[in-house]
Amino acid sequence: GSLFCGRPHRMILGKGWPFAMKAVILAGGAGTRLQPLTTELPKPMVSLLGRPVLEHILLLLRRHQVTEAAVTLHYHPEAITGYFGDGSAWGMRLHYFYEDTPLGTAGGVRACRDFLGQEDFLVISGDCVSDFDLTDCYRLHRQRQAEATLLLHRVAEPLEYGLVRTDQEGRVLAFVEKPGWGQVFTDQVNTGIYLLSPSVLDLVPEGEPFDFSKNLFPELLRQKRALYGQVPAGYWRDMGECGSYLQTVEDALEGRVKLDMTLPQQSTGVWSAEPVPDSVEVLAPCWIGSDVTLAPWSSIGPHTVLEPGSTVGRGCRLRRTVVMGASVGAESQVEGAILCSHAKIGEGGFLYPGSVVGADTWLGDHATLRPQVRLWPGLHIQAGSRVTSTQVHGPGPGSLHFDNYGNIHGVIGGDVDTEHGFGQRSGQYGTGGLGTLRRRRGRSAGAGRCGWGHRRRRLGHPPRWGNSGGSQLAV
């Protein structure tokens with residue numbers, strides 16, 4: 001059911017188009033490919049320049065006079081409802097629709113049908129970043145008398161997206177979902193942003209999983225209904241995985257996407273809540289939030305974000321990195337990395353591009369993360385360790401530990417798989433990049449706590465993004 005419901009009011013969106021425009025924001029996904037950022041946090045709540053991504057979407061909707069939206073929820077819904085409440089702080093009226101089991105993109109929108117009424121409406125993914133001119137898109141949608149309009153975007157490498165081929169008038173001719181190179185017949189990809197007539201929901205079964213791109217749109221095409229695509233000018237990116245997230249940050253800092261930067265611009269390409277000390281080198285573009293500690297002789301940027309509560313030690317060097325309220329020890333070098341809330345990098349740390357450190361994970365002094373290594377929340381890595389593979393589960397009491405040479409000792413259990421764990425499964429020898437794993441039977445490796453979830457926030461209170469507090473643990 002929905003919360004915070006009320007009667008819609010009418011407005012004008014664009015010259016000559018009076019209608020009660022509503023939107024459906026799809027925010028129920030788990031964001032598996034974006035882990036460990038989303039281990040216990042829905043993807044729309046991942047922070048981008050100090051705001052959840054979903055907040056940037058609400059600001060986009062408000063710029064185009066859309067003030068009422070349904071939000072579909074499934075994975076950790078309390079994180080979204082607790083932060084946004086009824087939406088009034090953003091000039092919005094939000095209605096929440098919970099899915100006990102995932103209904104797919106179209107099935108989730110079908111559940112909002114009573115809320116949507118009889119007017120055409122907008123559907124947008126809760127984890128995309130875009131500055132499309134939605135007003136102009138709607139105008140063309142109405143001009144064509146379309147039942148469904150897919151907003152498309154041209155990308156150089158479309159293999160991870162659904163392709164949509166259109167004719168010169170914009171009518172959809174064909175779809176291909178996540179093609180191989182031999183199937184690539186266009187560079188137009190489906191953005192997951194749609195303008196729809198309520199009539200198309202007649203084809204969506206109630207209470208059953210049903211998808212727009214796999215089910216509904218191919219059926220509309222088969223029935224030769226008024227199905228169109230348009231390629232609006234502007235920016236769009238799906239923040240599907242950590243590399244895409246960092247690219248989105250770079251694009252925002254370079255001005256390739258129009259976002260509310262929130263902070264004052266202290267100099268060209270440098271947004272900072274406070275003046276930067278003279279003893280700190282800042283290479284534009286950079287974004288430095290409030291309550292950030294910058295020690296002397298540190299070097300920040302380019303393409304670096306320090307969110308509120310972050311700490312950078314003396315002599316550090318950070319390049320193309322996002323620090324979400326984490327701490328970086330003196331003389332550390334970090335490039336192309338993401339450090340989640342309350343993570344701690346000891347002195348002399350070295351993080352290669354693609355490194356991701358989960359919330360509350362601690363690296364001892366002079367530890368190294370090799371390229372593309374991701375550490376899940378709550379792990380402790382001993383000083384001097386050299387981590388060469390992603391770790392999901394880590395040393396809890398009486399499980400895994402490190403010796404003075406950086407070797408891992410302890411128990412490997414069925415929880416740890418060969419792709420994301422320390423090594424091979426229980427009962428076998430294996431290596432995890434940090435040293436030798438000693439075999440021991442009968443118990444499983446203890447899993448670390450997931451940093452976002454064990455500090456659950458009360459509903460109705462926005463979270464304190466990047467708070468630098470937390471328990472003091474020894475490494």
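All figures in this text were calculated on a predicted structure; none of them were measured in a lab. Numbering starts at 1 and runs along the sequence shown.
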To the nearest 0.5 Å, how far apart are [atom1] in [X] and [atom2] in [Y]?
{"X": "His74", "Y": "Thr72", "atom1": "NE2", "atom2": "OG1", "answer": "10.5 Å"}
{"X": "Met45", "Y": "His76", "atom1": "CE", "atom2": "NE2", "answer": "12.0 Å"}
{"X": "Thr101", "Y": "Glu99", "atom1": "OG1", "atom2": "CD", "answer": "7.5 Å"}
{"X": "Gln35", "Y": "Cys242", "atom1": "CD", "atom2": "SG", "answer": "9.0 Å"}
{"X": "Ile25", "Y": "Ile124", "atom1": "CD1", "atom2": "CD1", "answer": "7.0 Å"}
{"X": "Asp100", "Y": "Leu73", "atom1": "CG", "atom2": "CG", "answer": "11.5 Å"}

Restricting to non-hydrogen atoms, name the atom on [X] and the atom on [Y] that form the minimum distance, rounded to 0.1 Å.
{"X": "Leu49", "Y": "Ala252", "answer": "CD1-CB, 3.9 Å"}
{"X": "Pro264", "Y": "Ala273", "answer": "CD-CA, 4.5 Å"}
{"X": "Glu55", "Y": "Phe84", "answer": "N-CZ, 3.7 Å"}
{"X": "Gly358", "Y": "Ala343", "answer": "O-CB, 3.6 Å"}
{"X": "Val292", "Y": "Pro308", "answer": "CG2-CA, 4.4 Å"}
{"X": "Leu58", "Y": "Met92", "answer": "CD2-CE, 4.1 Å"}

Can you list the residues that meet the salt bridge (charged side-chain N to carboxylate O under 4.0 Å, His left out) rule with [X], with sequence neighbours excluded?
{"X": "Arg320", "value": "Glu250"}
{"X": "Asp260", "value": "Arg51"}
{"X": "Arg237", "value": "Asp251"}
{"X": "Asp238", "value": "Arg33"}

Going by heavy atoms in the side chains, are [X] and [Y] under 4.5 Å from each other?
{"X": "Asp86", "Y": "Arg93", "value": "no"}
{"X": "Leu37", "Y": "Cys340", "value": "yes"}
{"X": "Leu26", "Y": "Val123", "value": "yes"}
{"X": "Tyr96", "Y": "Pro77", "value": "no"}
{"X": "Trp376", "Y": "Thr39", "value": "yes"}
{"X": "Met239", "Y": "Val53", "value": "yes"}
{"X": "Leu294", "Y": "Glu274", "value": "no"}
{"X": "Ser213", "Y": "Thr105", "value": "no"}

With no hydrogens and no angle check, is any side-chain donor or acceptor of [X] less than 3.5 Å from a backbone partner on [Y]?
{"X": "Thr321", "Y": "Arg319", "value": "yes"}
{"X": "Glu241", "Y": "Gly243", "value": "yes"}
{"X": "Trp287", "Y": "Met261", "value": "yes"}
{"X": "His153", "Y": "Thr191", "value": "no"}
{"X": "Glu68", "Y": "Lys22", "value": "no"}
{"X": "Tyr75", "Y": "Thr38", "value": "yes"}
{"X": "Thr361", "Y": "Leu379", "value": "yes"}
{"X": "Tyr138", "Y": "Asp133", "value": "no"}
{"X": "Thr304", "Y": "Pro302", "value": "yes"}
{"X": "Gln188", "Y": "Leu152", "value": "no"}

Notebook entry, point to check: Does any pair with a residue in residues 330-339 pass side chain to side chain donor-acceptor pair (under 3.5 Å), and if so which ones, sequence neighbours excluded?
Noted result: none
Note to self: Can you confirm if the aromatic rings of Trp236 and Phe132 lie within a centre distance of less than 6.0 Å?
What the structure shows: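 Judged by ring-centre distance (under 6.0 Å), Phe132 and Trp236 do not meet the cut-off.
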Check: Checking side chain to side chain contact (heavy atoms under 4.5 Å, CB included) for the pair Thr81/Val71: CA distance, chi angles, key distance, verdict?
Finding: CA-CA 9 Å; Thr81 58; Val71 184; over 6 Å; no
Next item on the list: Could you point out which residue of Leu306, Val323, Leu283 forms a side chain to side chain contact (heavy atoms under 4.5 Å, CB included) with Ile300?
Entry: Leu306
Next item on the list: Just jot down the ring-ring contact (aromatic ring centres under 6.0 Å, His included) partners of Tyr235, sequence neighbours excluded, or say none.
Entry: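 By the ring-ring contact (aromatic ring centres under 6.0 Å, His included) rule, Tyr235 matches no residue at all.
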Item checked: Intermediate values then yes/no, side chain to side chain contact (heavy atoms under 4.5 Å, CB included), Trp271 and Leu253 -> CA-CA 9 Å; Trp271 293 267; Leu253 293 174; 4.3 Å; yes
Notebook entry, point to check: With a 3.5 Å cut-off and no angle check, do the side chains of Thr135 and Arg63 form a donor-acceptor pair?
Noted result: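 No pair is found: no donor N or O on one side chain lies under 3.5 Å from an acceptor on the other.
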Margin query: Quick one, Glu254 with His303, criterion side chain to side chain contact (heavy atoms under 4.5 Å, CB included). Give me CA distance, side-chain angles, the key distance, then yes/no.
Written below: CA-CA 8 Å; Glu254 289 286 359; His303 304 126; 2.6 Å; yes
Check: Can you check side chain to side chain contact (heavy atoms under 4.5 Å, CB included) on Leu263 and Ile288, steps first, answer last?
Finding: CA-CA 8 Å; Leu263 300 177; Ile288 303 172; 5.6 Å; no
Next item on the list: Answer yes or no: is there an ion pair linking Lys43 with Asp127, defined by an N-O contact shorter than 4.0 Å?
Entry: yes
